[in-house]
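First comes the structure, then the notes that go with it.
A, B, ... follow the sequence lines: proteins, then strands. Residue 1 opens every chain.
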Amino acid sequence: MRLWLPLGILLTWALLAIGSHVLPLTPNTIDLTHILIGPDQNSWLGFDELGRSIADRLITGASTSFFVALSVVALGILIGGILGIASGYFSGWVDQIFVRIVDIMLAFPGLLLAIALAGALGPGIENVILALVIVGWVGYARLARGQVLALKHADHVVAAQAMGASPWRIMGKHLLPLITAPLIIEASFGIASAIIAEAGLSFLGLGVQPPEASWGSMIRDGTRYMLVAPHLVLIPGLTLMAVVLAANLLGDWLRDWLDVKEQKLMR
Amino acid sequence: MSHFILKRILSALVGLLGVISLVFLLIHLIPGDPIDVMLGESALTADREALRQNLGLHLPLYEQWWNYMTALVQADFGQSLFSGRPIVDLLLERIPATVHLSFIALVIALTMALPLGLVAATRQHSIYDYGSMGFALFGMSIPNFWMGPLLILVGALWLGWFPVSGREGWNAVILPALTLGTAMAAILARMIRSSLLEILGEDFLRTARAKGLSSMRAILTHALPNALLPVLTLLGLQLGGLLGGAVITETVFAWPGLGLLMIEAIQQRDYPVVQAAVLCISMTYIVVNLITDLLYAWLDPRINWQNPS
C-alpha cells in the first residue's frame, strides 16, 4: 500500500503526460456556451472561464509538469553528479573552488533565485527548466561529493588505483554504482519540488505562457472565479497535491527500503 | 571562541560577496540587449543611450562590478526605472510588511510544530503519531499558491472573518501567515519528532526518570532542550524556504512586502529593483544563518571552541 498507491499515482501522471500527445484533446478550444460550468454527467470535470474543458487542460498540464520535472531532475543529476564526484575524488584546489561555488548557491533561498532567474531569462518552458536546473544541481553535487569523500579510501578503490585504473574508470565503475541509491532517493524528492516549482513559476506568470496549460496557471486563472466556480481552483490543486504527495511518499519509501537492504548486506 | 566566531563571520562574508556578484550578473542573463527588454524596442535612441550610461552598461564587466560593489557599500541601489524613486526608499517601505508576515508565520509554525512533534515522539507508533506525521506530510505537499486561495475562499469569502487581501486591519496577517507557517510547521514537526526520539533513548533520561521525575517533567526539562538544539539550525535554514515562499504568498494575498515588490518589478521589467529585492532577501537569509550558527555554538556547552566541527 505504501508503495503501490504513490507508484500508481505517478504512473498515471506519466501515462497521461505521454498520452496527451496522442489523445484527441482540445485544451485550447473556447466554447462560450460552457463558461464556468461545474462537473456534471456530460463532462466529468467541467469547464473554465473561457468554456475550455478542464479535463483536457489538466492532462495537458500533466504533460507540462512531467516534462519539466523529468528534465530538471535528469539534468540536475547529470551535472551535479559529474561535478560532485569529480570534485570529491580529485580534492585539492578544484574541490576548494567547487565547495565555494556550492556554498554561494546555497546561500540563496532556492525558490527566490529560481524566480529571479526565470524573471531575467523571460517566460517559457525552456527558461523554467534552465532556471530550475541552475538552482537544483547543487543539491545533487553536494550529495555526490559527500558520498565520494566517504568512499574514496575504501579498499576496492585503493585496489583499483593500485592496479593502475584511470581516475575516470574508478569514478565510473567503482564509485558511481555505490552512490546511485542516495541519488535516486534525492531525485524522487527532487521531482516533488520541481513539480511545485514549475507550478509556482507558472502561477506567478513566469512559466508556461497562455494559452498553454499548466496546473499553476490554471490555479491562478481560477482564483478570480473562486466564489462562483471553486472547481477551477480545486481540481488542478488536488491533482498537483496528489502527485507531489506521491513523489514524497515514494522518496520516504525508497529511503526506508534502501536502508534495510544495506543493513541486510552488512550482516 | 573568538576564533570560531571570526571564522564563521569570514565565511559568511565570502558567501555574501558571491551572492552579490551573482545578483549583479542577473542583469546580464537577460537574453539580447537588456536595454531593449527594459525600454521596449520602440524607445528613442537617445533614451536608450541615457539608460545605458545611467546603468553603466557600456563599461567593461569588471568595472561595472566594481561600481556596483562600491555603490552597495554606500547603500546606494540606484533608482527604479518604473517610478524613478531611489530603490532604498522602496525597500525600506516594504521591509516592515515582510518582517511582520515572517514573524507571525514563524510563531504559527512553532506553536503547531512543537505539540505535534512532542506528541508524535512520546507516543511513537500510536494514532497520534500517525496523525501528526500524516498532517506533516500533507503540509509539506500543499503548495502555498494553492493553500492561499483555499484559505481566502473559506476564511474571507465564505466566513467573512478576514480580509481577502492587503494589510488593512490587525487580522489581515492571519491568512497569509497561516499559509506560510503550515509548510514550515510540517518540516519542523518531523524534525522535532526524530530529534526527540533520538534523545528519548539516552541514559540520562532514564536516570531522570529513576530519580522520580514525572515523565512529563523529564521530557520537558531534560529531553526537549537537547532535542531543540539541532532544530535551531534547521530553523535558520528553513527561514530561506520561508522567505522564498513569502514571494508567492505575498503575491497571492497582495501583501505589500519585499516579495510582492520583486514580482511587480519583474512584471514591469524594472531589473534594478529585482536585483535589490533579491539581494535584500538573500542577505537576510545569510545573516540569520550566521546568527543561528553562533547561537547554536553558544547554547551547546559540548562544542569544543578550539575545533568546532
*When heavy-atom pairs shorter than 4.5 Å are enumerated against chain A, which of Val14(B), Leu29(B), Ile142(B) gives the highest number?*
Ile142(B)
*Return yes when atom CZ of Phe67(A) has more than 12 non-hydrogen atoms of other residues, nucleotides or ligands closer than 6.0 Å, and no otherwise.*
no
*Side chain / backbone / both / neither for Arg100(A) at chain B, heavy atoms under 4.5 Å*: side chain
*asked:* Surrounding CD of Gln96(A) (heavy atoms of other residues, nucleotides or ligands, distance under 6.0 Å), is the total greater than 12?
replied: no
*asked:* With chain B as the partner, which of Ile115(A), Asn127(A), Ile195(A) has the greatest number of non-hydrogen pairs under 4.5 Å?
replied: Ile115(A)
*Can you check whether Leu111(A) reaches Val247(B) side chain to side chain, under 4.5 Å on heavy atoms?*
no
_Taking side chain as everything from C-beta outward and backbone as N, CA, C, O, which of these in Leu137(B) sits under 4.5 Å from a heavy atom of chain A? Side chain, backbone, both or neither._
both
*Using non-hydrogen atoms only, which part of Leu249(A) is less than 4.5 Å away from chain B: side chain, backbone, both, or neither?*
side chain
_Residue among Ser193(A), Ala120(A), Ala242(A), Gly119(A) with most heavy-atom pairs under 4.5 Å to chain B_ = Ala120(A)
_Minimum heavy-atom distance Val233(A)-Pro149(B), with the two atoms named_ = CG1-CB, 4.3 Å
_Portion of Phe203(A) that has a non-hydrogen atom of chain B nearer than 4.5 angstrom_ = side chain
*With a cut-off of 6.0 Å (strictly less than), are more than 12 heavy atoms of other residues, nucleotides or ligands near CD of Glu198(B)?*
no
*Carefully, step by step, assess Trp158(B) and Leu227(A) under the rule side-chain contact (heavy atoms from CB on, under 4.5 Å).*
CA-CA 8 Å; Trp158(B) 286 351; Leu227(A) 205 51; 4.0 Å; yes
*Give the intermediate values and the outcome of side-chain contact (heavy atoms from CB on, under 4.5 Å) for residues Thr251(B) and Leu204(A).*
CA-CA 8 Å; Thr251(B) 312; Leu204(A) 292 172; 3.7 Å; yes
_Residue selection (most heavy-atom pairs with chain A, distance under 4.5 Å) from Arg190(B), Arg269(B), Met283(B), His28(B)_ = Arg190(B)
*Atom CZ of Arg94(B) with >12 non-hydrogen neighbours under 6.0 angstrom*: yes
*Atom CD1 of Ile127(B): over 12 foreign heavy atoms under 6.0 Å*: no
_Please rank Ala192(A), Ala199(A), Gly110(A) by heavy-atom pairs under 4.5 Å with chain B and give me the top one._
Ala199(A)
*Which atom pair, heavy atoms only, marks the closest approach of Phe145(B) to Gly216(A)?*
CE1-CA, 4.5 Å
*Taking every heavy-atom pair that is under 4.5 Å apart, which of Ser11(B), Pro31(B), Ser21(B) has the most such pairs with chain A?*
Pro31(B)
*Nearest-0.5 Å distance that lies between atom SG in Cys280(B) and atom CG in Leu112(A)*: 10.5 Å
*asked:* Are there over 12 heavy-atom neighbours, none belonging to Phe24(B), within less than 6.0 Å of that residue's CZ?
replied: yes
*Sort out for me which of Ile101(A), Leu113(A), Thr223(A), Asn248(A) touches chain B most, counting heavy-atom pairs under 4.5 Å.*
Asn248(A)
*Heavy-atom distances under 4.5 Å only: say whether Pro236(A) touches chain B with side chain, backbone, both or neither.*
neither
*Quick one: what part of Leu121(A) sits under 4.5 Å from any heavy atom of chain B, side chain, backbone, both or neither?*
both
*Taking all atoms of both residues into account, what is the closest heavy-atom pair of Leu234(A) and Trp146(B), and its distance?*
O-CZ2, 3.7 Å
*asked:* So which residue, Ala277(B), Ala265(B), Gly244(B), ends up with the most heavy-atom pairs under 4.5 Å with chain A?
replied: Gly244(B)
*Please determine, among Leu157(B), Leu153(B), Asn144(B), Val278(B), the option with the most heavy-atom pairs under 4.5 Å with chain A.*
Leu153(B)
_With side-chain contact (heavy atoms from CB on, under 4.5 Å) as the criterion, how do Leu22(B) and Met105(A) come out once you've worked through the C-alpha distance, each side chain's angles and the decisive distance to 0.1 Å?_
CA-CA 9 Å; Leu22(B) 253 175; Met105(A) 296 297 290; 3.8 Å; yes
*Side chain / backbone / both / neither for Tyr271(B) at chain A, heavy atoms under 4.5 Å*: side chain
_Part of Gln267(B) within contact of chain A (heavy atom distance under 4.5 Å)_ = side chain
*Kindly give the heavy-atom pair with the smallest separation between Ile196(A) and Pro143(B), and that separation in Å.*
CG2-CB, 4.2 Å
*Run the side-chain contact (heavy atoms from CB on, under 4.5 Å) check on Met140(B) and Val244(A) step by step: do they pass?*
CA-CA 9 Å; Met140(B) 274 170 61; Val244(A) 170; over 6 Å; no
